[in-house]
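Since we're looking at a predicted model, the values are computed, not measured. Both counts, for ligands and for their atoms, begin at 1 and track the order of listing.
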Amino acid sequence: MVNFRSFRIYMTSVKTALSETGLPDIKYALNPYIGCSHGCIYCYARLYTRDKRVSENWGNVVVIKYNLPQVLEREVNSRIRGVVGVGTITDPYQPVEVYYKVTLKSLRVLLKAGFPISIQTKNPLILRDVELLVKYRELVDVGFTITTLSYEKARFIEPNAPPPRSRLEAVKRLSNMGLKTWIFYGPIIPSLNDDNETIMQIVKLAAETNSTLYYDPLHVKSFMKTQSHTLYRHVFKVTREWRASIESNILEKCSEYGVKCKPGFTGDIAL
Ligand code: SF4
């Protein structure tokens with residue numbers, strides 16, 4: 001174990017790299033890190049993380065799959081080509097990626113072998129890898145999660161994640177470089193980021209960058225229903241009527257701005 005800033009970091013070796021998702025659009029999942037130092041208060045990923053060091057200290061522990069690129073090198077020779085979702089559980093651009101480059105090395109292996117990849121992140125650190133992504137742009141799409149463009153709100157719900165304006169700039173840059181981009185507006189939380197101004201800002205960004213917009217109203221989990229949880233007073237506002245009204249509001253604005261718009265993730269998350 002080594003210490004990195006205020007986080008604990010562990011190393012682990014893996015025997016397999018790609019896991020089948022069973023999802024229609026994404027054949028495999030690849031998660032270079034276990035845990036996520038962004039520490040979003042709504043994060044569902046802790047529920048899908050078996051490592052108790054991580055799940056019980058969410059946001060403060062990250063485990064690095066240090067041998068992932070080497071394992072991947074072997075696997076790509078025997079797997080049928082299919083889209084690889086990079087970061088289906090946690091953000092593949094953890095701050096420690098600056099040093100360990102597990103994601104970058106894995107992307108190199110996948111792209112060289114001809115696997116299409118779909119990356120989801122909140123971190124403009126992805127711009128470090130832009131040369132590689134542009135080289136293989138036919139195989140790549142990049143999604144940024146943007147829940148709000150308010151710095152204060154983002155600090156409240158995503159305390160250690162990069163500020164939303166930096167994500168916005170990253171989407172613009174990637175799009176300007178000819179990469180296919182998408183925006184994940186989720187979770188949408190009642191009385192927090194479901195206001196007209198937020199919806200408008202995100203729809204306009206999608207229009208400007210020619211990004212598909214995925215919207216995802218909050219999935220209420222039992223850990224949010226404890227009285228001490230920050231989202232406690234919000235979760236009880238998640239009703240069928242609220243969902244319908246949010247959806248129709250987003251669809252209306254997307255139609256107005258010519259943005260392709262889809263519901264976000266609805267199934268179970270692949271490990
Ligand atoms: S960035 Fe994603 S995985 Fe990381 S804490 Fe936030 S919601 Fe969870």
Side-chain angles (χ1 to χ4, degrees), residues 4-10 19 21 26 29-65 68 85-98 100 102-103 106 118-127 142-151 153-168 170-171 182-189 192-193 202 214-224 229-231 234-235 238 264-271:
F4 177 82
R5 295 181 189 158
S6 57
F7 299 108
R8 272 177 290 152
I9 297 173
Y10 296 88
S19 43
T21 67
I26 295 190
L30 185 87
N31 287 283
Y33 299 96
I34 304 169
C36 183
S37 60
H38 298 339
C40 307
I41 60 168
Y42 52 73
C43 182
Y44 316 133
R46 73 192 79 194
L47 304 173
Y48 300 90
T49 303
R50 293 190 201 101
D51 189 326
K52 289 208 174 343
R53 292 171 303 182
V54 177
S55 57
E56 291 175 2
N57 298 287
W58 194 256
N60 294 316
V61 178
V62 168
V63 181
I64 302 168
K65 299 180 184 175
L68 194 74
V86 180
T88 57
I89 303 286
T90 55
D91 197 320
Y93 285 95
Q94 293 297 308
V96 293
E97 168 67 15
V98 170
Y100 293 95
V102 182
T103 296
S106 301
S118 180
I119 307 170
Q120 184 170 4
T121 186
K122 285 188 173 95
N123 197 344
L125 175 59
I126 192 172
L127 294 172
V142 178
F144 260 85
T145 305
I146 300 181
T147 48
T148 173
L149 287 173
S150 152
Y151 178 83
K153 284 184 188 175
R155 294 301 288 173
F156 180 59
I157 56 177
E158 301 160 348
N160 303 315
R165 293 276 163 189
S166 71
R167 301 180 217 168
L168 172 147
V171 178
W182 46 279
I183 293 163
F184 188 87
Y185 171 33
I188 306 168
I189 303 166
L192 214 158
N193 62 343
I202 292 176
Y214 292 88
Y215 60 93
D216 197 41
L218 182 71
H219 301 256
V220 177
K221 304 291 178 189
S222 55
F223 72 85
M224 301 169 189
H229 196 276
T230 321
L231 291 179
H234 298 272
V235 295
V238 177
F265 184 79
T266 51
D268 209 358
I269 299 173
L271 290 171

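Cation-pi contact between Lys221 and Tyr44: present, with separation from the ring centre below 6.0 Å and deviation from the ring axis of at most 45°.
Shown here are the protein N/O/S atoms lying under 2.8 Å from atom 6 (Fe) of ligand 1, water excluded: Cys40 SG.
No side-chain donor-acceptor contact under 3.5 Å links Gln94 and Tyr100. Under the 3.5 Å distance criterion, with hydrogens and angles disregarded, no donor-acceptor pair is assigned to the side chains of Asn193 and Thr147. Counting only N and O atoms by type, the side chains of Ser37 and Asn60 include no donor and acceptor under 3.5 Å apart.
Close contacts between ligand 1 and Ile89 involve ligand atoms 3 (S) [criterion: under 4.0 Å to a heavy atom]. If you number the atoms of ligand 1 from 1 as listed, the ones under 4.0 Å from a heavy atom of Trp58 come out as 5 (S).
Distance alone, capped at 3.5 Å, places no donor-acceptor pair between the Asn160 side chain and the Gly39 backbone.
Using a 4.5 Å heavy-atom cutoff, the side chains of Tyr33 and Glu97 are in contact. Side-chain atoms of Leu149 and Arg165, non-hydrogen and from C-beta on, do get closer than 4.5 Å to each other.
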